[in-house]
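Here's the structure we're looking at; comments come further down.
Position 1 is the first residue of the sequence; numbering continues from there.
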Amino acid sequence: MHEGHITMMRNRFFVTLPLTLLVVLYSPMVQGWLGFTMPAFPGSMWIAPVIGTIIFVYGGLPFLSMARGELSSRQPGMMTLISVAITTAYVYSMGIVLFPAHDAAGMTMDFFWELATLITVMLLGHWIELRSVGQAQGALKELAKLLPDTAERILPSGQIETVAAADLRAGDRVLIRPGASIPADGVVAEGQSSVNESMLTGESMPVAKSAGDAVIGGTVNGSGALRVEIHKVGEGTALAGIMRLVEDAQKSQSRAQTLAQRAAFYLTLIAIGAGIVTLAGWLIVTGSLADAVRSTVTVLVVACPHALGLAVPLVVSISTTLSARSGLLVRQRVALEKARELDIVVFDKTGTLTKGEQGVVDFATDGISEDAALRIAAGLERDSEHMIAAAIRSYADGRGIEPAPVTGFDALAGRGVRADVDGTAYYIGGPRLLETVGLAAPASLAEHGRKAEDAGQSLIYLASQERVLAVFAVADVIREKSRQAVRALHDLGVEVAMLTGDSQAVADSVARELGIDTVFAQVLPEQKAGRVSHLKQGGRTVAMVGDGVNDAPALATADVGIAIGAGTDVAIESAGIILVRSNPLDIVRIVRLSRATYRKMVQNLWWAAGYNIVAIPLAMGVLAPFGITLDPAVGAVLMSLSTIIVAFNAQLLRRLDLKRV
């Protein structure tokens, strides 16, 4: 819903609120019930009709306009019911002003106070509802921010000029300095580096790039300089494709029909039908047009949906506040409503089930103590900015090991490093390092290495000039709460799947450790939304949990999109619910909150509309032959009572303990 519509509803509510209080206070009917009298002055008898007219025109116009839209689409609902009620009350009340009529107690029979309170309450309820819904309007803007504004284009003469990234054309060559973002899709012409593509592929490890390798616009260069030949710009880039997927997914989402809308639809039909039957019945039985009109108006007025208009928005507002206090930010009301129906939750692996950072998950030594090996390894990796080096340093620090002082440091491009510790030369690096120094891992370390490779983990070896001393298995670290979250979802009867751009071996290893039911590995960004769509076939309700740009289309396609709060802005903008704490257990809390919210909605709808089951037949006069009729004042009291009950029942939702999982 457009932001201007929300602002309009808010402003009209605050304007009509004091005017409504004035109408209520000067209503003879209200004064008679409560036993007080407002100060009279010349013209005070016109307060209700004049201000009532202002409220009807200013506050009621939005509902009348939306009712016209409902009727045009042949879907009468809440707006139609509100419009019928306020129009009937206004026309009848103005008729009473122009042609005065009183009840047996001498009070005027107008409904201006009912008209004013109905419009004001509906403005409040609609404003709350619109604020709760919200849409991911900023997703495409966040995607566009990934691309740099400028690029360094290399001229045929070898000189470099700074140009706007939008001015690049296929065939241009650009210089990508260390740490810079790549402005468009292309191929490396010269240079070596590693590129962080996690925001697009979901792969946590930087990807080594050299001449002939493709690079993607929006990704971030590592420590080396690259010269890239541009192949695709503008709408042809991978990032632009993802932007189109997000846009299409958002457009494909239809407006969900809420419980209140469905209830209003049926109540509208019942109220209008009952009004027609009442008018015809009283005319046939009594022949009195006055009695027929009075009874018909009573039917339509007692059907005014004060409580119905607040039944759902109040619950949504309270549940949204409750969720925010628990670290669950609800951006789209529909997402929270549908979470109760979830059949399957699909987790992105990197940054969601895992921390999205490398850590040492296994460590073995041969011929040296673990502390000594860690001391040397941390010393060799002390000055490296590579994430694997940081993982080893962090692991050593966690065990209280101080890095050894090193001398003679020498970087072995693409293989590792060499340095001296206490006069002895040591090496640390991946399997290619062993090939370079001509060493083979002893049987015990080789077995550890095979197990790690089967699990899709990276191997880092520590060696002297004579032998291999230790092996580190490095992988994306699984979040502490992931196992508990998967188990709790299973207890709720929800299936768990994992979607990742990582290799099958890595994905299967994580799935086995967490007990995940279904695994989709080596999934490209443009394929993720398709996987979610496939899971939705057969009527299953699917939630997608992710944190990266590559997850944005899938988040928008899923019935419930849930973003890890520590993730990228675009993932957050594409999601209906955001997990501030990046805790997978919060998915369980979402399901519990959704189910509790739904129960309160159903209860409130029964309380809101339940009195009509009794009030409408009585207002129609079905018991009139027995001398039992419903006075409009009594109907108004019953309606007010149902509103109070609805408000109180909604407050009971605050007792839900979301800390318990």
Side-chain angles (χ1 to χ4, degrees), residues 144-242 358 381 383-390 409-419 427-437 458 460 501 503 524-526 549-550:
K145 289 180 183 178
L146 291 174
L147 291 172
D149 296 326
T150 60
E152 292 187 282
R153 182 163 58 190
I154 304 172
L155 300 176
S157 63
Q159 293 182 320
I160 296 175
E161 65 173 352
T162 300
V163 299
D167 293 337
L168 291 176
R169 296 293 180 266
D172 287 346
R173 285 199 175 192
V174 295
L175 173 64
I176 311 298
R177 299 183 186 276
S181 294
I182 297 172
D185 294 2
V187 173
V188 176
E190 299 177 34
Q192 290 185 339
S193 185
S194 59
V195 176
N196 184 350
E197 298 181 343
S198 61
M199 69 284 294
L200 290 173
T201 66
E203 179 65 63
S204 56
M205 292 287 293
V207 181
K209 300 291 183 180
S210 57
D213 291 333
V215 292
I216 304 171
T219 57
V220 181
N221 187 25
S223 57
L226 296 174
R227 292 173 183 260
V228 173
E229 181 175 319
I230 301 301
H231 283 190
K232 295 180 180 179
V233 296
E235 292 300 310
T237 63
L239 186 60
I242 292 178
Q358 298 295 305
E381 299 285 24
D383 297 325
S384 175
E385 296 180 357
H386 197 283
M387 64 174 61
I388 288 181
F409 182 88
D410 184 23
L412 307 175
R415 290 168 175 79
V417 300
R418 175 203 174 281
Y427 301 85
I428 190 167
R432 294 180 64 188
L433 172 70
L434 300 188
E435 298 174 7
T436 301
V437 299
S458 301
I460 302 298
S503 67
L524 297 176
E526 59 268 23
V549 173
N550 60 298

- Query: If only atom types and distance count, is the side chain of Lys232 paired as donor or acceptor with the main-chain N or O of Ala184 below 3.5 Å?
  - Reply: no

- Begin with the C-alpha distance, continue with both residues' side-chain angles, and end with the deciding distance and a verdict on side-chain contact (heavy atoms from CB on, under 4.5 Å) for Val215 and Val188. CA-CA 7 Å; Val215 292; Val188 176; 3.8 Å; yes

- Message: Checking Arg227 now: which residues fulfil side-chain hydrogen bond (donor to acceptor under 3.5 Å, both in side chains) with it, not counting sequence neighbours?
- Response: none

- Hey, could you give me the CG/CD1 distance between Leu175 and Ile154, rounded to the nearest 0.5 Å? 5.5 Å

- Looking only at heavy atoms, the pair that brings Pro183 and Val174 closest together is CG-CG2, 4.4 Å

- Message: Around atom CD of Gln159, are there more than 12 heavy atoms from other residues, nucleotides or ligands closer than 6.0 Å?
- Response: no

- Gap between atom CG of Leu433 and atom CD1 of Ile428 - 0.5 Å precision: 9.0 Å

- Message: For Asp213 versus Ala208, what's the shortest heavy-atom pair and its separation?
- Response: OD2-O, 3.8 Å

- Note on the structure: Nearest heavy-atom approach of Ser223 to Pro178 is O-CG, 3.4 Å

- Item | Between CG on residue Asp167 and CD on residue Glu161, distance to nearest 0.5 Å | 9.5 Å

- Distance from Glu229 atom CD to Asp185 atom CG, nearest 0.5 Å? 13.0 Å

- Task: State, with a plain yes or no, whether a side-chain heavy atom of Val195 is found less than 4.5 Å away from one of Leu226.
- Result: yes

- Task: Using the test side-chain hydrogen bond (donor to acceptor under 3.5 Å, both in side chains), find all partners of Ser193 that sit at least two apart in sequence or belong to another chain.
- Result: Asn221

- Item | Separation of Ile160 CD1 from Glu152 CD (nearest 0.5 Å) | 5.5 Å

- Item | Partners meeting side-chain hydrogen bond (donor to acceptor under 3.5 Å, both in side chains) with Thr150 (sequence neighbours left out) | none

- Task: Check whether any side-chain heavy atom of Pro206 lies under 4.5 Å from a side-chain heavy atom of Val220, and answer yes or no.
- Result: no

- Note on the structure: Between the CD1 atom in Ile230 and the CZ atom in Arg173, the distance rounded to the nearest 0.5 Å is 11.0 Å

- Heavy-atom closest contact (Ala411 atom, Val417 atom, distance): CA-CG1, 4.3 Å

- Item | Close side-chain approach of Leu168 to Val163, heavy-atom, < 4.5 Å | yes

